[in-house]
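What's counted below: heavy atoms across the whole structure, side chains too, no hydrogens, waters or symmetry copies.
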Amino acid sequence: MLRPNVPPPPHYYADNLTRLLDTVARQYSDILDTPELARLEQVRGLGVDALRLYARLLTRRGPLLRADTLGYREVADTTAALARLAEAELINRNPAVPGDRVLARLTLPEIRAAFPELPAGCRGLRKAALVAATAARYPEPVLRSRLAGVCAWLLLTDPDWLTAMRILFFGDLRQDFSTFVLEDLGVVRYEPYPLDPKRRLFANRTELARYLELLRIKGEVRRLHQSWHEHQLLSHVEHLWHPESNRLLERQRGRLLNEIGREAERHCAFDLALTAYGRADREPGRERRVRILHRLGDRDGVSQVLKAIEGAPHSAGEQHFARQFAARAGLAPKRGQRIVELQLRLAAPPADLEAAALTAWLRNGGVGAHLENRFPLGLLGLAFWDIVFMPVPGMFTHPYQSAPLDLYWPDFRQTRATAIARRFDELRRNHVEDALRVRLRETYRAKYGVSNALMAWSKFPAGFLEQVLRAVPRGHLLAMFDFMLDDLHQTRTGFPDLVLCFGPGSYRLVEVKGPGDQLRREQRLWFELFARVGIPASVLRVTW
DNA sequence: TTCACCGTAG
DNA sequence: TTCACACAGTCTA
DNA sequence: GACTGTGTGTCTCTACGGTGAAAG
Ligand SMILES: [Mn+2]
Ligand SMILES: [Mn+2]
């Protein structure tokens with residue numbers, strides 16, 4: 001077991017690296033290309049010291065590193081280890097890196113010492129400006145030799161290789177080696193679900209290559225946010241033209257197209273925006289198309305897209321939009337039901353609006369919390385814990401997931417339809433004791449602290465759960481669960497700010513609004529559910 | 001001199 | 001780096 | 001009143017030391 005600030009076993013980080021690479025090799029060796037396999041072999045062939053050092057380097061910010069920051073106790077001979085890594089071409093010493101990037105890694109005193117001839121005018125400059133000025137003033141060879149004089153430098157070669165390994169192991173780039181450490185520390189605990197190594201994220205090289213390609217395009221698009229180049233974005237759209245059969249890829253593709261569409265819209269490149277949104281089979285593509293077409297005065301286009309939405313809405317939100325847009329443009333300017341607002345007047349402008357509203361409301365007793373979506377999501381997570389983690393083929397690909405891959409996919413419920421229906425039956429049962437309360441309490445106790453995308457443990461103390469179980473009727477909770485499971489992507493947003501519990505059967509949900517804040521669409525959808533089911537909920541308008 | 005922020009470790 | 005939310009500014013009915 | 005663009009908090013945790021940029 002690992003402890004914070006206590007040195008781990010000498011081979012600890014090396015073992016983590018080996019474990020990740022071995023897993024990837026075992027599962028995916030048939031779809032790795034020759035250079036990837038070669039590098040895998042290079043790493044495996046390293047000696048103890050070099051492997052330990054390399055494992056450390058891969059946890060660093062990189063790819064450019066100062067060689068005078070490599071004092072690791074578990075590496076006996078750092079110089080020799082570096083030589084070995086260079087021999088294996090895993091690092092590059094004296095790399096040809098643009099002078100300013102290297103310069104930026106020096107401290108201000110180091111820059112002044114290495115470039116004493118800099119005019120006094122450079123004295124008060126901010127670091128970024130000083131780096132730029134220095135890089136501009138000296139020719140590249142001079143820069144390089146002086147920088148080499150400060151300390152030795154090294155460059156991790158082929159960072160894309162590690163990217164590929166991480167994607168194959170974790171499925172995305174959100175997690176890295178620190179995942180292992182946090183688990184070994186006990187900071188994060190993961191649900192022990194079964195894994196099937198035959199179920200893979202990528203079936204063949206083409207899919208993996210395509211994922212890496214999408215990642216590259218995403219980087220390019222991000223870069224293009226700085227400066228507007230319509231033809232380059234159009235070229236990216238053309239490379240995203242066709243739907244992907246792999247759902248991971250298809251989601252990425254849709255997101256990218258919507259991002260490009262939004263960027264084009266910002267620059268009033270409406271043709272490009274319409275094209276990008278049009279290729280994205282994903283919200284909010286069609287809504288954006290309607291708004292743009294409306295702005296361009298294309299009534300036929302508008303009604304065509306609206307009809308498509310009505311025919312097969314991606315979500316309740318999209319449907320809501322289509323109805324409302326059609327109504328507003330047409331003859332019946334039917335207003336959405338008005339929601340009555342309560343008023344609260346504060347003596348002074350509050351630092352934390354929701355907190356101020358909470359204390360004001362609880363002045364006469366009761367308990368409450370500012371949880372927003374974490375409230376219904378957390379309860380849902382407790383009630384359906386085992387179903388969320390049930391071994392649906394392909395939805396768990398490594399031991400460090402806090403949810404199945406498809407948690408927010410539209411067919412999450414359908415995939416688990418039988419289990420979910422059975423769970424609802426069970427939770428409604430009331431023979432001996434209230435089944436819902438028993439399950440929530442028991443799951444909370446048994447799973448406390450285990451990582452679950454639906455449950456924010458730190459914001460959800462046990463005492464609060466008890467208050468909730470006393471105050472909120474079972475039918476209300478079940479109605480919310482049912483509502484959410486139909487579309488977790490949509491319903492993970494818009495839940496009211498506050499939950500207030502007053503006593504047995506008595507509670508209220510409150511959305512706090514400052515002076516110039518209106519209910520958003522997702523919030524309206526929740527309030528519509530509350531009205532249908534009879535859940536006590538209010539909008540509280542706060543002024544001061 | 002103080003303080004916020006970043007990179008790193010575990 | 002993602003995501004949901006609030007806020008401020010603009011345009012329209 | 002609706003819509004858009006932008007800022008903010010939080011982010012899987014916590015602690016620490018160095019650094020840079022502001023205040024004094
Ligand atoms: Mn809120
Ligand atoms: Mn609010």
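Residue-level contact check: Ser451(A) touches neither bases nor backbone, having no heavy atom under 4.0 Å from any strand. At the heavy-atom level, Tyr13(A) lies under 4.0 Å from base atoms of the strands shown. Contacts of Glu511(A) with the nucleic acid, taken as non-hydrogen atoms under 4.0 Å apart, involve only primed sugar atoms and P, OP1 or OP2. Note on Arg56(A): only backbone sugar-phosphate atoms sit closer than 4.0 angstrom, heavy atoms only; bases stay farther off. Phe321(A) comes within 4.0 angstrom of no nucleic acid atom, judged by non-hydrogen atoms across all strands. Among the atoms of the strands shown, none is found under 4.0 Å from any heavy atom of Lys459(A). Contact annotation for Arg521(A): no contact, since no heavy-atom pair falls under 4.0 Å across all strands. Within the nucleic acid shown, Arg288(A) comes within 4.0 Å of sugar-phosphate atoms alone, with no base atom in reach, counting heavy atoms only. Note on Leu106(A): only backbone sugar-phosphate atoms sit closer than 4.0 angstrom, heavy atoms only; bases stay farther off. Across all strands, Glu372(A) comes closer than 4.0 Å only to sugar-phosphate atoms, never to a base (heavy-atom distances). Residue Leu185(A) is classed as a base contact, given a heavy-atom separation below 4.0 Å to a base.
For DNA chain B, the span of nucleotides reached by chain A at under 4.0 Å from its heavy atoms goes, 5' to 3', from dG7(B) to dG10(B).
There is no side-chain donor-acceptor pair under 3.5 Å between Thr493(A) and Arg520(A). Side-chain atoms of Glu263(A) and Trp228(A) include no donor-acceptor pair closer than 3.5 Å. Between Ser315(A) and Glu283(A), the side chains place a donor N or O and an acceptor N or O closer than 3.5 Å (distance only, hydrogens not considered). In summary, the side chains of His314(A) and Asp281(A) do present a donor paired with an acceptor at a separation below 3.5 Å, with no hydrogens or angles considered. Remark: the Asp184(A) side chain and the Tyr12(A) side chain contain an N/O donor-acceptor pair separated by less than 3.5 Å. Looking only at atom types and distance, the side chain of Ser538(A) has a donor-acceptor partner in the side chain of Arg508(A) under 3.5 Å away. With 3.5 Å as the limit, one finds a donor-acceptor pair spanning the side chains of Glu265(A) and Tyr277(A).
No side-chain heavy atom of Leu509(A) sits less than 4.5 Å from a side-chain heavy atom of Trp526(A).
Listed nucleotides: dC3(C), dT4(D), dC13(D). Nearest to the side chain of Arg255(A): dC3(C). Nearest nucleotide to the Asn373(A) side chain, out of dA21(D), dA6(C), dA4(C): dA4(C). Of the listed nucleotides (dT12(D), dT4(D), dT6(D)), dT6(D) has the atom at the smallest distance from the side chain of Arg266(A). Between dA6(C), dA22(D), dT19(D), one nucleotide has an atom nearer to the side chain of Asp497(A) than all others, and that is dA6(C). For Lys127(A), whose side chain is taken as the heavy atoms from C-beta onward, the closest listed nucleotide among dA21(D), dT12(D), dC5(C) is dA21(D).
At whole-Å resolution of the value, CZ in Arg492(A) and C1' in dA4(C) are 9 Å apart. In this structure, CD of Gln490(A) is placed 11 Å from P of dC5(C), rounded to the nearest angstrom. The interatomic distance linking Leu182(A) (CG) with dA15(D) (P) rounds to 14 Å, in whole Å. Between Arg291(A) atom CZ and dT12(C) atom C1' there is a gap of 13 Å when expressed in whole angstrom units. Regarding Leu103(A), its CG atom lies at a distance of 15 Å from the P atom of dT19(D), rounded to whole Å. The distance between atom CE of Met455(A) and atom P of dT12(D), rounded to the nearest whole Å, is 17 Å. One atom, CD of Gln523(A), and another, P of dA4(C), lie 13 Å apart when rounded to the nearest Å. Atom CD in Glu354(A) sits roughly 11 Å away from atom P in dT10(D) (whole-Å rounding).
Across the P atoms, dA13(C) and dT4(D) are found 14 Å apart, a figure rounded to whole Å. On the P atoms, dC5(B) is 13 Å away from dT10(D), given to the nearest whole Å. For dA4(B) and dG5(D), the P atoms lie 34 Å apart once the distance is rounded to whole Å. dC6(B) and dT1(C) are spaced 13 Å apart, taking the P atom of each and rounding to whole Å. Taking atom P on both nucleotides, dG20(D) is separated from dG24(D) by 22 Å, rounded to a whole Å.
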Q.
For Arg247(A) and Glu250(A): C-alpha separation, side-chain torsions, deciding distance, then whether salt bridge (charged side-chain N to carboxylate O under 4.0 Å, His left out) applies.
A. CA-CA 5 Å; Arg247(A) 294 183 73 175; Glu250(A) 177 59 11; over 6 Å; no

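The phosphate of dA22(D) has OP1 or OP2 within less than 4.0 Å of a side-chain N or O from Arg126(A). Between Arg262(A) and dT4(D) there is no side-chain N or O to OP1 or OP2 distance below 4.0 Å.
By the 6.0 Å and 45° rule, Arg52(A) does not stack over the aromatic ring of Tyr13(A). A cation-pi arrangement is absent between Arg521(A) and Phe321(A) under the rule of less than 6.0 angstrom and at most 45 degrees off the ring axis.
With hydrogens and angles ignored, the 3.5 Å screen pairs no side-chain donor or acceptor of Asp100(A) with any backbone N or O of Ala135(A).
For Ser458(A) and Glu287(A), each mapped to the nucleotide of DNA chain D holding its nearest heavy atom, the one lying further toward the 5' end belongs to Glu287(A).
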**Q.** Canonical and wobble pairing (Watson-Crick, G-U, under 3.5 Å) of DNA chain C, dot-bracket with |
**A.** ..|||||||||..

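Counting atom types as modelled, Thr179(A) pairs a side-chain N or O with a base atom of dT12(D) as donor and acceptor under 3.5 Å.
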